[in-house]
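Everything below concerns the one structure shown next.
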Amino acid sequence: MDRFDAMQAFARVVEARSFTKAAETLHMSKTSVTQLVQQLEARLRVRLLNRTTRKVSVTADGAAYYERVLRLLADMDDAETSLSSALESPRGRLRVDVPSPLARMILIPALPAFHAQYPDIQIDMGVSDRFVDLIGDNVDCVIRGGELTHLSLMARRVGDLQLRVCAAPGYLKRAGTPMHPRDLEDTQHRTVGFLSPRTGKVLSFPLHRDGESIEVQGRHVLAVDDGNAYLAAGLAGLGVLWLPDYMARAHLARGELVPLFEGWSLDPMPMYLAFPPNRRVSTKLRVFIDWVVQLMAQHAPMADRSALSQPVPPRRKRPQGA
């Protein structure tokens with residue numbers, strides 16, 4: 001039995017609460033992971049996990065051992081990354097999950113420069129707006145918009161998305177141009193709904209003008225849970241959109257979208273990069289975070305520059321899809 005492999009397998013089972021999920025994230029068979037944990041228990045002469053047909057839970061002894069295993073694995077990682085060559089050239093696989101429009105329009109076009117600087121970092125990028133279990137899905141970090149609520153996560157604010165309301169010319173020709181946000185509640189108007197990954201309900205956005213605040217959801221014939229699909233629906237004339245500037249800018253310039261409700265403002269949406277607190281921030285993750293911060297400063301600069309400080313504890317609203 002390789003003790004390192006066994007400890008790593010045990011830690012992943014505890015975090016994923018499943019032998020099957022642990023095996024998937026370790027790229028091993030379920031049988032191999034099960035055998036490693038069984039051999040570890042036999043060596044320690046202690047039951048580390050309670051197993052039933054439906055779930056896996058850690059025993060009291062297993063929980064205590066897990067904390068020590070985390071420190072040992074972190075120390076081993078530190079020993080490797082402390083080598084001068086590792087510090088000069090971060091390497092290894094980095095698992096991230098980001099919203100689909102952010103990936104398509106900002107991150108992926110900039111990745112050639114990142115890989116030119118860090119050629120030994122392999123990025124496995126999940127592109128979605130879904131809720132991600134960072135520990136269970138073995139993801140190093142996620143980028144999401146909105147305030148954080150998951151109290152077990154660490155996060156760094158990386159930008160603020162300026163939002164605007166707009167619609168396609170074809171839609172406005174057919175339904176008329178709404179002059180006031182309340183007009184969206186009229187029967188002739190439609191919005192495109194964006195479904196919250198957490199609740200499954202359509203999100204709404206408050207608008208402000210001269211001390212007046214209005215939160216309108218409107219009526220929709222289509223609601224989606226993906227940013228690219230949301231934009232495509234608006235361009236097809238299916239309804240009014242609430243869009244970040246970086247998604248709307250080019251389409252507004254080409255006349256494919258028309259801005260609405262000039263004089264009204266929407267609260268900026270903060271963007272966070274979140275990661276598990278029980279894992280040391282590796283060199284490869286640190287350089288990725290720094291790169292994201294610099295990139296977002298170009299495309300979605302923060303209203304409050306002091307927020308570019310150290311990781312902050314989460315707040316009370318869940319980000320979209322995280």
Side-chain angles (χ1 to χ4, degrees), residues 2-12 15-16 21-29 32-33 36 69-128 132-144 153-159 271-300 308-311 322:
D2 185 301
R3 292 173 67 184
F4 173 79
D5 288 344
M7 287 189 294
Q8 191 174 48
F10 165 70
R12 292 301 306 129
E15 294 168 351
K21 273 194 172 183
E24 290 173 355
T25 59
L26 290 170
H27 302 285
M28 301 170 65
S29 69
S32 297
V33 172
L36 283 170
V69 163
L70 282 184
R71 290 195 293 269
L72 285 170
L73 294 176
D75 288 344
M76 293 180 70
D77 194 32
D78 278 336
E80 292 180 356
T81 56
S82 65
L83 298 173
S84 58
S85 60
L87 288 174
E88 293 169 3
S89 181
R91 59 173 54 89
R93 184 165 60 151
L94 197 60
R95 303 171 187 85
V96 304
D97 197 277
V98 303
S100 53
L102 190 72
R104 180 174 65 88
M105 303 177 73
I106 294 180
L107 297 181
I108 291 177
L111 273 178
F114 178 85
H115 284 303
Q117 187 173 2
Y118 304 109
D120 296 323
I121 295 180
Q122 172 193 333
I123 296 178
D124 291 356
M125 183 180 290
V127 178
S128 70
V132 175
D133 179 354
L134 279 86
I135 296 176
D137 294 335
N138 197 28
V139 174
D140 293 295
C141 69
V142 298
I143 302 175
R144 290 295 187 266
L153 296 181
M154 293 297 292
R156 181 165 179 179
R157 187 171 168 183
V158 296
M271 293 292 291
Y272 285 94
L273 187 150
F275 49 91
N278 61 342
R279 297 183 187 175
R280 187 186 62 84
V281 179
S282 63
T283 306
K284 62 187 176 185
L285 179 55
R286 184 174 292 110
V287 298
F288 179 77
I289 293 173
D290 291 342
W291 175 72
V292 169
V293 168
Q294 295 174 7
L295 197 58
M296 294 302 292
Q298 301 172 30
H299 296 276
L308 276 173
S309 57
Q310 296 299 315

* Measure across M125 and I108 and return the closest heavy-atom pair with its distance rounded to 0.1 Å. => SD-CG1, 4.2 Å
* Who pairs with A113 by side chain to side chain contact (heavy atoms under 4.5 Å, CB included), at least two apart in sequence or on another chain? -> none
* Contacts of type side chain to side chain donor-acceptor pair (under 3.5 Å), residue D124, not counting sequence neighbours -> R93, Q122
* **Distance in Å, L107 CG paired with M296 CE, rounded so as to fall on 0.5 Å steps** => 7.5 Å
* Non-hydrogen side-chain atoms of I123 and I121 separated by less than 4.5 Å -> yes
* Residues D97, V127; criterion side chain to side chain contact (heavy atoms under 4.5 Å, CB included); working and verdict -> CA-CA 6 Å; D97 197 277; V127 178; over 6 Å; no
* Asked: What are the two closest non-hydrogen atoms of P119 and A116, and how far apart are they?
  -> CD-O, 4.0 Å
* Between OH of Y118 and OG1 of T283, what distance do you get to the nearest 0.5 Å? -> 10.0 Å
* Heavy-atom pair with the smallest gap, counting every atom of A16 and K21 -> CB-CB, 3.8 Å
* Structure fact -> Heavy-atom closest pair (P109 atom, A103 atom, distance to 0.1 Å) is CD-O, 3.7 Å
* Kindly write out the residues that satisfy salt bridge (Lys or Arg N to Asp or Glu O under 4.0 Å) with D5, not counting sequence neighbours, or none if the list is empty. => none
* For the pair V98 and V142, evaluate side chain to side chain contact (heavy atoms under 4.5 Å, CB included) and give the outcome as yes or no after the intermediate values. => CA-CA 6 Å; V98 303; V142 298; over 6 Å; no
* Straight-line distance of R12 CZ to L26 CG, nearest 0.5 Å -> 6.0 Å
* Asked: Which atom names give the shortest non-hydrogen contact between V139 and R95, and what distance separates them?
  -> CG1-O, 3.4 Å
* **Evaluation steps, side chain to side chain contact (heavy atoms under 4.5 Å, CB included), between D2 and Q8** => CA-CA 10 Å; D2 185 301; Q8 191 174 48; over 6 Å; no
* Rounded to the nearest 0.5 Å, how far apart are CZ of F114 and CZ of F288? -> 6.5 Å
* **Nearest heavy-atom neighbours spanning D140 and L285** => O-CD2, 4.2 Å
* Would you check if the side chain of R157 reaches a backbone N or O of L273 as a donor-acceptor pair within less than 3.5 Å? => no
* Between CD1 of I143 and CZ of F275, what distance do you get to the nearest 0.5 Å? -> 12.0 Å
* Full working for side chain to side chain contact (heavy atoms under 4.5 Å, CB included) between L102 and M271 -> CA-CA 11 Å; L102 190 72; M271 293 292 291; 4.0 Å; yes
* To do: Could you grab the distance from atom CD1 of I289 to atom NZ of K284, nearest 0.5 Å is fine?
  => 12.5 Å
